[in-house]
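Worksheet: the structure to be examined is printed underneath.
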Amino acid sequence: MGRVLNCIVAVCPDMGIGRSGNLPWHPIRLSKEFKHFQKMTMTPTVEGKKNVVIMGRKTWFSIPAQNRPLKNRINVVLSRELETAPEGAHYLAADFSSALRLLENPELEAQADQVWIIGGSSLYKEVMESSAHQRLFVTRMLKQFDCDTFIPNIDLDKFRLLPEFPGVPAGLQEENGLQYVFEVYECVEQ
């Protein structure tokens with residue numbers, strides 16, 4: 001399958017992505033950063049299709065119930081424990097490779113455009129270490145917060161930082177006293 005897998009993640013300087021099931025900077029709200037996440041994951045490149053968001057079970061349940069499923073996107077939840085898709089999710093897959101096979105189903109393939117990986121840490125790690133063609137959309141926080149969940153460092157032998165990317169704001173961003181930058185990495189052809 002020739003699909004690009006897009007990972008989207010916000011990280012602290014130590015590559016921390018979470019604390020106690022929340023974002024590390026919780027309860028500080030970053031509405032511009034959240035709107036960026038929504039725009040990137042919600043906007044298909046093909047009219048009439050929808051993007052797919054793939055997430056682990058813990059990520060699904062970390063989304064407030066009133067915001068599940070993520071609207072205007074096909075929500076796929078990964079879990080080895082659940083036997084049926086959680087209420088609101090469109091599909092359940094046992095693991096990442098099963099989710100990719102699901103996307104090859106002709107009915108779903110006809111509806112699906114871009115694939116976005118939105119967490120958690122073990123899913124990011126699996127995708128980043130896979131041979132799939134991928135892009136990493138990283139919001140790099142310029143302040144360290146206490147974290148208990150991390151992703152691997154970005155391997156600069158495998159990924160290159162793009163100077164710019166359509167639809168991704170350039171330069172320093174600041175919101176509620178927090179500074180961050182948006183970065184996009186693309187895997188280097190092997």
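Side chains included, hydrogens not; waters and symmetry mates left out as well; all remaining heavy atoms used.
A search for side chain to side chain donor-acceptor pair (under 3.5 Å) contacts involving T45 returns D113, not counting sequence neighbours. The side chain to side chain donor-acceptor pair (under 3.5 Å) test applied to S122 returns no partner, not counting sequence neighbours. Remark: E186 pairs with R135 by the salt bridge (Lys or Arg N to Asp or Glu O under 4.0 Å) rule, at least two apart or across chains. Partners of E129 according to the salt bridge (Lys or Arg N to Asp or Glu O under 4.0 Å) rule, which considers only residues two or more places apart in sequence or in another chain, are K125.
For the side-chain hydrogen bond (donor to acceptor under 3.5 Å, both in side chains) condition, the pairs that include at least one residue of residues 174-185, sequence neighbours left out, are S31-E175, R140-E183, R140-Y185, E174-Q179, E175-Y180, E183-Y185. Listed by first and then second residue, the ring pair (Phe, Tyr, Trp, His ring centres under 6.0 Å) pairs involving residues 71-121 are W116-F137 (not counting sequence neighbours). Residue pairs that meet the salt bridge (Lys or Arg N to Asp or Glu O under 4.0 Å) test with at least one member in residues 37-46, sequence neighbours left out, do not exist here. For residues 60-79, every residue pair satisfying the side-chain hydrogen bond (donor to acceptor under 3.5 Å, both in side chains) rule, not counting sequence neighbours, is listed here: T41-R73. Judged as a side-chain hydrogen bond (donor to acceptor under 3.5 Å, both in side chains), the pairs with a partner in residues 14-30 (not counting sequence neighbours) are, in order, D14-Q144. Listed by first and then second residue, the ring pair (Phe, Tyr, Trp, His ring centres under 6.0 Å) pairs involving residues 35-55 are H36-F182 (not counting sequence neighbours). For residues 159-169, no pair satisfies side-chain hydrogen bond (donor to acceptor under 3.5 Å, both in side chains), with sequence neighbours left out. Screening residues 81-102 for salt bridge (Lys or Arg N to Asp or Glu O under 4.0 Å), with sequence neighbours left out, gives R57-E81.
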**OP:** Could you go through the side-chain contact (heavy atoms from CB on, under 4.5 Å) check for L172 and V181 one step at a time?
**Re:** CA-CA 5 Å; L172 188 64; V181 291; 4.1 Å; yes

Subject >> Pair I54-L78, side-chain contact (heavy atoms from CB on, under 4.5 Å): steps then yes or no >> reply: CA-CA 7 Å; I54 300 177; L78 305 184; 3.9 Å; yes

Original post:
When you look at V52 and V76, which way does the side-chain contact (heavy atoms from CB on, under 4.5 Å) test go after all the steps?
Top reply: CA-CA 7 Å; V52 176; V76 178; 3.8 Å; yes

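Heavy-atom minimum distance, S121 versus I151: CA-CG2, 4.3 Å. Q173 and A170 get closest at one heavy-atom pair: NE2-O, 3.2 Å. For C147 against C12, the heavy-atom pair with the smallest separation is SG-SG, 3.7 Å. Across all non-hydrogen atoms, the minimal contact from I17 to P24 is O-CD, 3.3 Å. Of all heavy-atom pairs between V53 and L70, the closest is CG2-CD1, 4.2 Å.
In this structure the side chain of V11 reaches within 4.5 angstrom of the side chain of V138, judged on heavy atoms.
Considering H133, M128, Q134, E126 as possible partners of S130, the one that fulfils the side chain to side chain contact (heavy atoms under 4.5 Å, CB included) test is Q134.
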